[in-house]
Amino acid sequence: MYADLKMLIDGVWTEGTGARREAVLNPANEQVLGDLPVAERADLDRALAAAGAAQAGWAATLPKERCRILRGAADILRGQNEDIARAMTMEQGKTLAEARMEAAVGADILEWYAEEGKRSYGRVIPPSNPIVLQQMMVKEPVGPVAAFTPWNFPVVTPARKIGAALAAGCTLIIKPSEETPAGALAIARALMEMGLPKGVLNMVFGVPAEISEHLIASDVIKKISFTGSIPVGKLLTRMAADSMKRVTMELGGHGPVIVFDDVDVEQAAAMAVAGKFRNAGQVCVSPTRFFVQEKSYGDFVDTFAAKAKALKIGDGLEDGVQMGPLANARRVDAIDGLVRDAVERGAKLKTGGERIGNSGYFYAPTVLADVPDHAKVMNDEPFGPVAPIVSFKTFDEAVHQANRLPFGLAGYAFTNSAETSARIGAALQTGLVGLNSFTISMPETPFGGVKESGYGSEGGIEGLDAYLATKFITQAGAV
Ligand code: NAD
């Protein structure tokens with residue numbers, strides 16, 4: 001059993017009004033797992049009407065009650081961890097160990113927002129004008145949200161948007177990825193089981209452009225939250241601007257990793273390989289450009305390549321597999337193109353550089369050394385299992401390389417010098433910085449980029465704030 005593929009509109013699980021369906025594939029063997037209903041305009045209109053009608057009641061629901069529902073859903077998801085993880089591995093390809101971890105973190109995110117929703121405090125501001133009796137700032141839910149999530153984290157990304165929006169008192173319509181619907185559906189089922197009122201959460205699937213165009217143009221929707229590629233993020237932001245809707249954009253990056261030569265090469269390479277090939281590199285904060293100081297460079301490249309080559313690749317459901325297939329055929333073609341381009345431009349292929357097998361979207365963990373700046377892989381987000389490594393001499397040169405691109409999501413540095421660590425943390429133009437660590441995303445911490453990687457944060461108190469509007473109320477004496 002994979003998942004019951006339906007949409008949730010106005011509290012009803014439905015196949016929608018149309019006949020269109022989209023197949024969900026297992027990327028490990030290209031077999032069809034199920035058929036997903038595709039929303040027609042009439043279905044979207046029902047979801048809009050439901051989210052609009054439920055908004056006032058949900059905003060007025062006590063934070064304590066919203067907390068009860070979200071916490072209860074988190075517990076339900078914990079009880080279903082194994083089933084959710086298996087479905088995720090089948091539809092997305094990541095290893096079962098990674099999927100179990102992600103399903104657990106999804107529950108933790110709902111629980112964190114369940115609690116934090118009780119703390120959307122305002123402020124009482126002492127007046128400077130003597131006729132004013134009281135002035136205060138209060139936070140109110142922004143209103144119905146349209147949210148769009150991609151295929152690489154089928155539980156965590158929907159959990160961030162659903163958890164924060166519901167905790168803040170917003171209703172929402174979410175369109176999870178059609179390629180990986182099971183995790184978001186599990187979250188929706190858990191919330192409905194806890195008694196979430198109808199219309200508060202609506203979940204639709206279909207043709208992404210059709211859905212985003214219709215929802216973003218609607219007067220009902222007051223906020224857009226999108227996670228995905230930069231071109232699509234720009235398109236949705238432009239559409240949102242027509243009616244001045246606020247947006248949160250979590251877009252791609254091209255994460256630099258700067259390895260200074262005062263660190264243990266073996267340990268740094270082991271951490272880098274684990275970070276790089278997690279979810280086969282299909283992670284928006286994936287380390288994607290490695291800059292290694294010249295004294296350690298040769299050792300680092302050899303150690304990294306040996307460890308990458310030793311990874312066990314296969315169906316993520318199999319025991320001991322350390323990297324599964326890529327999520328779809330598009331990624332295999334994209335990665336192969338980037339590797340060929342780099343080699344043509346003079347990069348040295350240390351390992352990988354080829355597809356594996358005849359079925360499934362497998363690609364060997366790939367390491368490229370001495371990659372020239374103008375190679376595409378040094379400029380376009382790779383989103384796959386390829387690690388380009390180049391050497392640098394000075395701190396300034398490394399910073400220049402790291403900040404050279406228009407992206408600014410995650411950046412990493414490895415050093416044992418407190419001074420270098422503080423300086424590089426300040427110098428990296430990214431929204432997230434990992435110093436001697438690749439772990440930069442937790443339920444309680446803000447997550448988001450700068451430059452073309454988007455704006456706004458998810459996670460932490462910033463993530464809740466994204467769904468709240470600030471209202472100032474001033475009150476003067478009797479008139
Ligand atoms: P894509 O640009 O076609 O799609 C990215 C996501 O946006 C998908 O989930 C898709 O359903 C959605 N989307 C596409 N067009 C849309 C529209 N008009 N309205 C609403 N949603 C829309 O690319 P892809 O092949 O799925 O992924 C390729 C690239 O996307 C990757 O190279 C990576 O850069 C980026 N990506 C980023 C993230 C992230 O976490 N930031 C996740 C997945 C993909």
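Counting starts at 1 for both ligands and their atoms, following the listed order.
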One line per pair, note the atom names and distance for all nitrogen or oxygen contacts under 3.5 Å between ligand 1 and the protein.
{"from": "ligand 1", "atom 1": "2 (O)", "to": "Ser229", "atom 2": "OG", "distance (Å)": "2.6"}
{"from": "ligand 1", "atom 1": "19 (N)", "to": "Pro208", "atom 2": "O", "distance (Å)": "3.4"}
{"from": "ligand 1", "atom 1": "19 (N)", "to": "Ser212", "atom 2": "OG", "distance (Å)": "2.7"}
{"from": "ligand 1", "atom 1": "25 (O)", "to": "Arg330", "atom 2": "NE", "distance (Å)": "2.7"}
{"from": "ligand 1", "atom 1": "25 (O)", "to": "Arg330", "atom 2": "NH2", "distance (Å)": "3.2"}
{"from": "ligand 1", "atom 1": "26 (O)", "to": "Trp151", "atom 2": "NE1", "distance (Å)": "2.8"}
{"from": "ligand 1", "atom 1": "26 (O)", "to": "Arg330", "atom 2": "NH2", "distance (Å)": "3.0"}
{"from": "ligand 1", "atom 1": "34 (O)", "to": "Glu381", "atom 2": "OE1", "distance (Å)": "2.3"}
{"from": "ligand 1", "atom 1": "40 (O)", "to": "Asn152", "atom 2": "ND2", "distance (Å)": "3.4"}
{"from": "ligand 1", "atom 1": "41 (N)", "to": "Gly228", "atom 2": "O", "distance (Å)": "3.3"}

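- Of the possible donor and acceptor atoms, none in the side chain of Glu458 sits under 3.5 Å from a partner among the backbone N and O of Phe447.
- Ring-centre distance between Phe438 and Phe414: below the 6.0 Å cut-off.
- The main-chain N or O of Gly459 is found under 3.5 Å from a side-chain atom of Tyr113 such that the two form a donor-acceptor pair.
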For residues 341-350, dump all side-chain donor-acceptor pairs below 3.5 Å to protein atoms at least two apart in sequence or in another chain.
{"from": "Asp341", "atom 1": "OD1", "to": "Arg345", "atom 2": "NE", "distance (Å)": "2.7"}
{"from": "Asp341", "atom 1": "OD1", "to": "Arg345", "atom 2": "NH2", "distance (Å)": "3.0"}
{"from": "Asp341", "atom 1": "OD2", "to": "Arg345", "atom 2": "NE", "distance (Å)": "3.1"}
{"from": "Asp341", "atom 1": "OD2", "to": "Lys376", "atom 2": "N", "distance (Å)": "2.8"}
{"from": "Lys348", "atom 1": "NZ", "to": "Asp370", "atom 2": "OD2", "distance (Å)": "2.5"}

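- The side chain to side chain contact (heavy atoms under 4.5 Å, CB included) check on Thr430 picks up Leu428, Val433, with sequence neighbours excluded.
- Take Lys222 and apply the side-chain hydrogen bond (donor to acceptor under 3.5 Å, both in side chains) test, not counting sequence neighbours, and it matches no residue.
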